[in-house]
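Reading through the structure tokens given below for one structure.
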Amino acid sequence: MARILITSAIPYINGIKHLGNLVGSQLPADLYARYMRQRGHEVMFLCATDEHGTPAELAAAKAGKPVAEFCAEMHEVQAGLARGFRLSFDHFGRSSSPQNHQLTQYFAGRLADAGLIEEVSERQVYSNADGRFLPDRYIEGTCPNCGYDKARGDQCENCTKQLDPTDLIDPRSAISGSTDLEVCETKHLYLRQSALRDQLDAWIDTKSDWPVLTTSIAKKWLHDGDGLQDRGITRDLNWGVPVRKGTEDWPGMEGKVFYVWFDAPIEYIAAAVEWADANGKADADWQRWWRTDKGADDVRYVQFMGKDNVPFHTLSFPATIMGADDNWKLVDYIKSFNYLNYDGGQFSTSQGRGIFQDQALEILPVDYWRWWLLSHAPESSDSEFTWENFQSSVNKDLADVLGNFVSRITKFCRSKFGEVVPDAPADLARAERDALWSRIGPLLKEYETQMEAMEVRKSANTLRAIWVVGNEYLQEAAPWSVFKTDADRAAAIVATALNLAGLYAILSAPFIPETSETLGRALNVTDFDWPSGVDDLARLPAGHGFVVPDVLFAKISDEDREAWQERFSGTRA
RNA sequence: GGGCCUGUAGCUCAAUUGGUUAGAGCAGAGCGCUCAUAACGCUUUGGUUGCGGGUUCAAGUCCUGCCGGGCCUACCA
């Protein structure tokens with residue numbers, strides 16, 4: 001039995017996430033976690049909300065709420081949606097937790113002791129009307145290059161020229177529109193990532209099995225121009241982890257907080273501490289996942305994320321871990337994803353474009369979404385959601401192939417033998433099992449290999465091929481005609497096919513957990529242990545009772561599809 | 001501007017990393033079946049691999065030039 005630590009990129013707190021966010025990290029992480037648990041491995045699957053930063057403060061202000069209250073509410077909303085999507089986190093934490101405050105301050109202290117923190121004085125734009133320093137992006141003005149009047153302080157969207165906020169003509173706050181801006185001197189802490197460049201570079205070089213998407217981004221940052229740059233890890237904000245050096249004050253840094261990208265990955269660790277605290281566990285129980293000197297040396301740590309998160313997970317966070325030099329566990333494998341597009345454009349939280357998690361669950365059962373999203377995961381390139389594709393995939397794969405197979409075998413059995421697994425002579429039953437396993441066995445091996453390699457789309461294809469075998473088998477064995485002349489052999493066929501349906505409940509659970517439960521309940525499958533051989537086609541013995549389940553997947557009609565297409569064509573109110 | 005990724009059948013994607021005749025699913029066509037959610041099974045039609053050069057015994061795969069799509073570019077997170 002292996003021990004596997006799994007984290008998903010932590011979703012930002014400022015609103016309800018869309019399906020693109022889900023498919024790029026949490027959903028494939030959940031697929032992997034569920035599979036590994038079912039294979040009998042010990043899994044710790046952690047996620048959290050990412051709660052700090054300027055956008056959280058602005059979203060709270062817009063909602064007319066104190067930021068702590070806003071975040072607490074949004075955390076509950078996101079936790080509810082995570083349950084709705086059946087994300088099987090061992091703990092869903094909060095980056096604003098006391099545990100993360102303490103750990104973040106601890107890491108900063110360790111880094112300072114190692115000489116990896118530098119104090120830098122810099123000039124930043126302060127908005128008197130907003131009462132806050134403005135990040136470059138939150139300053140708008142006229143581009144000195146092209147004259148575009150909505151250029152941002154970091155870059156002009158119109159002519160793509162990189163800008164400095166002081167370049168802008170007639171600068172104003174993007175938050176309030178106020179032009180009452182001034183440039184102030186302020187002091188910040190920088191993490192000297194440049195000092196760790198060679199160590200990071202050597203470490204990345206050992207990761208030849210990582211996706212190109214992941215390593216190429218890391219290499220670019222390491223080698224482009226002057227190489228890896230130092231990074232500011234503090235901000236002038238009210239909401240965040242107060243800057244402290246371990247448990248001590250940090251002179252000169254009063255009133256400042258750590259930058260959200262410094263504390264957010266540390267929350268991966270803090271989530272484990274929160275898990276221990278919430279479940280009455282000892283420190284040793286979380287440390288055995290995170291401290292290589294306390295039992296984590298045999299842990300395999302896998303991270304899931306969208307491609308935009310890669311630099312922070314390949315460089316900044318490892319720099320924090322390495323720099324702290326205190327036996328913390330480094331990531332072993334990073335699985336990164338491209339983006340899911342929506343009907344020819346991007347999903348966009350800020351523009352309300354696409355389908356959001358709450359809306360998705362409102363219109364259809366969770367497994368429709370899980371199946372489509374996972375079987376179309378944007379692994380090799382960006383992928384595209386269209387309603388036509390969604391409708392035909394779901395109707396064909398789930399309703400026609402899997403749902404209909406379950407329906408035909410359970411109903412046929414009920415009409416001829418009643419709602420029990422029929423009794424058949426042992427030799428006939430054995431022959432049916434052998435014949436069927438010769439087709440299932442190789443596909444199962446392929447499925448296992450792909451799941452272990454986190455080949456999400458391929459795994460879905462193979463699972464579908466395993467479902468198809470059910471229909472092929474019934475067609476060839478034709479128990480409805482055999483029954484007329486040889487009831488014993490028909491019984492053997494039906495018993496075998498019912499067992500196959502039982503296996504489907506088990507094998508499909510990582511992808512469609514809700515339906516797997518429904519199917520398992522209908523067939524009275526109590527043992528979800530992973531199958532390994534032909535004898536697993538006899539787990540439901542003669543006389544084992546079941547009920548014919550309701551239709552597992554109702555089809556999506558053209559009318560529904562058109563209505564949703566229309567409803568989700570614009571932007572969210 | 002720079003870096004990286006990408007372009008394969010009407011659609012969504014494969015192709016063991018340079019190796020036989022480029023494969024699946026959906027959609028289309030034909031046949032079969034009647035247990036089943038008008039479902040299922042079998043057979044089958046679709047490709048000058050974006051375009052032009054080049055390297056090689058051999059190129060979807062490597063090099064090069066165009067054309068198109070995307071991401072990142074360090075103070076959004």
Side-chain angles (χ1 to χ4, degrees), chain A residues 9-14 50 52-56 58 122 124-125 133-139 152-155 160-162 164-165 174 188 193 211-213 215-217 219-221 223-225 228-232 235 259-261 264 306-312 315-316 338-339 341 346 349-350 375-376 378-386 388-390 392-393 395-416 457-458 460-461 464-465 468 470-481 483 490 493-494 497 550-555:
Chain A
I10 64 179
Y12 199 65
I13 195 72
N14 66 340
D50 177 14
H52 298 136
T54 305
L58 296 178
E122 54 193 15
Q124 292 243 312
V125 175
F133 281 94
L134 297 178
D136 292 354
R137 280 203 181 199
Y138 284 94
I139 303 159
R152 291 188 320 209
D154 56 341
Q155 186 173 37
T160 73
K161 188 178 166 63
Q162 306 250 355
D164 187 90
H188 282 294
Q193 297 185 136
V212 180
L213 182 64
T215 49
S216 66
I217 293 173
K219 284 288 178 187
K220 164 76 157 67
W221 282 48
H223 297 297
D224 193 42
L228 189 61
Q229 302 294 296
D230 295 340
R231 190 164 190 115
R235 291 291 183 275
Y259 175 41
V260 56
W261 259 116
K307 56 185 165 183
D308 53 330
N309 274 254
V310 168
F312 303 97
L315 301 169
S316 309
N338 288 284
Y339 290 148
N341 291 323
Q346 284 189 21
T349 305
S350 56
S375 62
H376 294 77
E379 287 176 297
S380 54
S381 63
D382 291 354
S383 66
E384 170 97 0
F385 178 94
T386 64
E388 286 83 357
N389 184 298
F390 176 69
S392 75
S393 295
N395 285 354
K396 197 71 200 171
D397 299 348
L398 296 181
D400 293 346
V401 176
L402 176 59
N404 183 48
F405 166 73
V406 170
S407 181
R408 52 198 298 213
I409 186 57
T410 53
K411 286 180 179 171
F412 180 74
C413 183
R414 179 175 63 186
S415 74
K416 304 298 183 199
R457 299 174 87 123
K458 287 182 182 172
N461 274 334
R464 185 190 191 279
V468 167
N471 287 309
E472 289 172 353
Y473 175 68
L474 279 190
Q475 185 67 29
E476 284 167 34
W480 48 87
S481 29
F483 183 78
I493 294 164
V494 169
D550 292 336
V551 167
L552 289 180
F553 301 98
K555 290 198 190 189

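These numbers were taken from a predicted model, which means no experiment stands behind them. Below, chain A is the first sequence line, B the second, and so on; all start at residue 1.
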Is the base of B/G30 syn or anti, if syn means a glycosidic angle within 90° of 0?
anti
With syn defined as a glycosidic torsion within 90 degrees of 0 and anti otherwise, which applies to B/U17?
syn
Report which part of the nucleic acid [X] touches: base, sugar-phosphate, or nothing (heavy-atom distance under 4.0 Å, all strands).
X: A/Ser481; value: nothing
X: A/Phe312; value: base
X: A/Asn471; value: sugar-phosphate
X: A/Val468; value: sugar-phosphate

Provide, to the nearest angstrom, the distance between the [atom1] atom belonging to [X] and the [atom2] atom belonging to [N].
X: A/Ile10; N: B/A77; atom1: CD1; atom2: C1'; value: 10 Å
X: A/Lys396; N: B/A39; atom1: NZ; atom2: P; value: 7 Å
X: A/Lys416; N: B/U34; atom1: NZ; atom2: P; value: 12 Å
X: A/Ile409; N: B/C35; atom1: CD1; atom2: P; value: 13 Å
X: A/Phe412; N: B/A36; atom1: CZ; atom2: C1'; value: 11 Å
X: A/Asn395; N: B/C40; atom1: CG; atom2: C1'; value: 15 Å
X: A/Arg231; N: B/C75; atom1: CZ; atom2: C1'; value: 8 Å
X: A/Glu476; N: B/U34; atom1: CD; atom2: P; value: 15 Å

Nearest atoms (heavy-atom pairs only) where A/Asp397 meets A/Arg464
OD1-NE, 2.6 Å
Nucleotide paired to B/U20 in any strand shown, Watson-Crick or G-U, under 3.5 Å:
none
Determine which nucleotide pairs with B/A38, using a 3.5 Å limit on both distances of a Watson-Crick or G-U wobble pair.
none
Donor-acceptor check, side chain of A/Glu379 to backbone of A/Arg457, threshold 3.5 angstrom: yes or no?
yes
Which value, in whole Å, describes the distance between the P atoms of nucleotides B/A14 and B/G65?
26 Å
Distance between P atoms of B/G60 and B/U48 (Å, rounded)
13 Å
Can you check whether [X] has a side-chain N or O nearer than 4.0 Å to OP1 or OP2 of [N]?
X: A/Tyr259; N: B/A77; answer: yes
X: A/Lys458; N: B/C13; answer: no
X: A/Tyr339; N: B/C72; answer: yes
X: A/Lys555; N: B/A39; answer: yes
X: A/Arg408; N: B/C35; answer: no

Can you classify the ring geometry of A/Trp261 versus A/Phe312 as parallel (below 30°), tilted (30 to 60°) or perpendicular (above 60°)?
parallel
